[in-house]
Structures are given as structure tokens and as C-alpha cells.
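These notes concern the structure reproduced below.
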Amino acid sequence: MAKPILVANWKNHPGSLAEAKALLKGLSKEARLYKNLSLFIAPPAPYLELAALKARNFARLACQDMAAFSQGTYTAMLTPDILKSLGVRLAIIGHSERRALGETSAQVVDKVKVALRAGIVPLVCIGEQARDVDGEHFDILREELKSSLSGLNAKTARGIIIAYEPVWVIGKSAKDALPPAELAQTVIFLKKQLSDLYGRSVAESIPILYGGAVEPENAGALMRETYIKGFLVGHASLKPESFKSIAESLLTKI
Ligand code: PEP
């Protein structure tokens with residue numbers, strides 16, 4: 001059975017190289033635990049080289065975004081050749097915080113294609129802004145999923161991972177998070193959409209991760225009672241003790 005997937009999205013934290021070093025040191029104390037997972041750390045880009053060095057025994061590197069182009073001259077863009085040379089293996093693409101800054105699903109698709117061509121696994125983020133009792137968020141999710149994968153055929157779709165992150169939950173604490181039963185329902189819905197797009201066998205090969213207020217308090221139930229293959233973790237990934245506990249929760253399911 002494939003290892004559970006755990007992705008740490010550090011966002012724009014910690015605030016200095018010295019703190020990043022300390023965080024990596026804290027995480028490295030649990031290297032034996034993390035080897036049982038498919039663990040990816042997505043630090044701010046200036047810390048990638050440090051993370052490559054300090055986490056080489058227990059994690060692989062991820063980036064939080066990437067350029068939508070592989071050729072050409074683009075100020076400030078992280079092109080796949082640079083990312084690959086640093087050892088990046090996975091790219092978070094279409095995070096809601098990037099979409100809130102104007103990133104469109106068309107740009108997400110371009111980035112997904114660039115990543116796939118470069119041999120970087122795209123972790124495609126989708127999520128609704130809010131939920132309502134009429135279930136309109138399902139229509140929104142369907143559209144966002146379809147438009148973020150537009151033009152991808154079944155063969156290439158096998159290379160992606162989906163992160164379902166309800167936007168209204170991100171950054172909250174476990175007590176305000178999505179209840180496991182609602183997550184289970186949403187994961188089934190997403191699997192059905194993927195199956196409609198690519199067929200059942202491809203849909204089953206695409207891991208769906210969950211992200212949004214995953215903390216030690218809710219990680220166990222979210223993993224046990226749903227159909228996810230792992231987590232994308234924001235704020236709790238900055239605390240080695242919390243992150244360790246989340247990793248343990250992922251492993252109790254198998
Ligand atoms: C995220 O923004 O990807 C995320 C999962 O954040 P948090 O865990 O802080 O809710």
C-alpha cells in the first residue's frame with residue numbers, strides 16, 4: 001500500500017533563516033517516524049536549499065508555487081529548471097491564497113502542465129469559499145476541479161495529486177474545522193467527478209489530500225473516517241510537536 005502523503009506548507013514562515021534552521025532541526029528529531037510517510041516540505045523559496053540539506057534524510061522538497069512557463073526570461077519567476085536543480089519534487093499549485101491574489105484556473109492548468117513536463121508532481125488545490133445547506137458548494141467544486149484540469153488527458157491526470165482545502169476553514173483551529181462526515185461526503189463527490197472526467201481506474205489512482213485546520217486534535221478522525229490519502233498542513237507544520245502528532249495520526253490508519 002502507498003505511504004500516506006503529508007505536505008507541510010510553511011507559507012511565508014518562519015521569518016528568518018535562523019528560525020527555519022531551528023524548525024528543521026526540530027523536525028529532524030522525528031526522522032524515523034517521517035520515513036514511514038511520503039513527506040514533503042514546502043518552505044519559502046529562499047529556504048529551499050537549506051531544507052534540501054537539513055531534511056534530506058526524512059523529507060522531499062516541495063515549492064508553494066511555480067512559473068507557468070519553462071522557456072524564456074521572466075523576472076522573479078521560479079521556473080522548473082531552477083526548482084528541479086534544488087531538488088523540488090512536488091509543486092503546490094492553485095493554493096487559495098494565490099487564487100485570492102488573482103490566479104485563475106487557466107494559469108493553474110498551465111502550471112500543472114509545466115510541472116508534469118518537468119517531472120514535478122502537481123498538487124492541485126481546490127476548495128469552496130463557503131458552504132450552504134443547498135449544497136451549491138458542490139457545483140463550485142465541480143467547476144473549479146474541471147477548469148483547473150482542463151485539457152489534461154487521462155494519462156497525464158495519473159500524475160497529479162488533488163488537495164481539497166475548504167477556504168473558509170484555512171487558518172482556523174480544529175474546533176472550527178470541517179467535520180469528518182462532511183469531508184467524507186466531499187471526497188466521494190470529488191472521486192465521482194474525477195471518474196466522470198477520466199474513468200474509474202484513473203480516478204482511483206489520483207490521491208486526494210485534505211487541508212484546512214488540521215491539528216493534532218482532529219487529524220485522527222479526519223484520516224480514519226474519510227477517504228483521504230493524506231494532509232496538506234499549514235500552521236501546524238510550523239510546530240514540530242503538532243506535526244509529529246499529525247504524522248502519527250496518518251500512520252494509525254494503515
Ligand atoms: C493551507 O493553507 O494550505 C493550510 C492547510 O492551512 P492551515 O493548516 O493553516 O489551515
All ring-ring contact (aromatic ring centres under 6.0 Å, His included) counterparts of Phe189, not counting sequence neighbours:
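With sequence neighbours excluded, Phe189 shows a ring-ring contact (aromatic ring centres under 6.0 Å, His included) to Phe138, given in chain and number order.
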Pairs involving residues 46-57, ordered by first then second residue, that meet salt bridge (charged side-chain N to carboxylate O under 4.0 Å, His left out) (sequence neighbours left out)
none
Can you check whether [Y]'s main-chain N or O pairs, donor with acceptor, with [X]'s side chain at less than 3.5 Å?
X      : Y      : value
Lys3   : Lys35  : yes
Glu128 : Leu141 : no
Tyr198 : Arg200 : no
Asn12  : Pro44  : no
Arg131 : Glu136 : no

Quick one: list whatever passes side-chain contact (heavy atoms from CB on, under 4.5 Å) with [X], sequence neighbours left out.
X      : value
Asp196 : Lys192, Gln193
Leu116 : Val112, Pro122, Leu152, Thr156, Ile160
Ala45  : Leu48, Leu78
Glu103 : Asp65, Arg98, Gln107, Val108, Lys111

Looking at residues at least two apart in the chain, or sitting in another chain, which of them share a side-chain hydrogen bond (donor to acceptor under 3.5 Å, both in side chains) with Ser38?
Arg60
Mind checking who shares a hydrophobic cluster with [X], ILVMFWY linked at side-chain heavy-atom distances under 4.5 Å?
X      : value
Val133 : none
Met77  : Phe69, Tyr74
Leu123 : Ile5, Val7, Phe40, Leu90, Ile92, Val121, Ile161, Leu209, Leu232

Nearest non-hydrogen partners of Ser150 and Val109, listed with the distance:
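Of all heavy-atom pairs spanning Ser150 and Val109, the closest is O-CG1, 3.2 Å.
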Could you give me the CA-CA distance, side-chain angles and deciding distance for Glu144 and Arg99, then say whether salt bridge (Lys or Arg N to Asp or Glu O under 4.0 Å) is met?
CA-CA 11 Å; Glu144 196 168 68; Arg99 291 185 192 258; 3.6 Å; yes
Report, one line per pair, each donor and acceptor closer than 3.5 Å where one atom sits in a side chain of residues 17-26; sequence neighbours left out.
residue: Glu19; atom: OE1; partner: Ser16; partner atom: N; Å: 3.3
residue: Glu19; atom: OE1; partner: Ser16; partner atom: OG; Å: 2.9

Do Asp110 and Lys113 sit within salt-bridge range, that is, some charged N less than 4.0 Å from a carboxylate O?
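The answer is no: the pair does not qualify as a salt bridge.
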When the side chains of residues 237-247 are checked against the rest of the protein, which donor-acceptor pairs come out under 3.5 Å, sequence neighbours left out?
residue: Ser237; atom: OG; partner: Val233; partner atom: O; Å: 3.4
residue: Ser237; atom: OG; partner: Gly234; partner atom: O; Å: 2.7

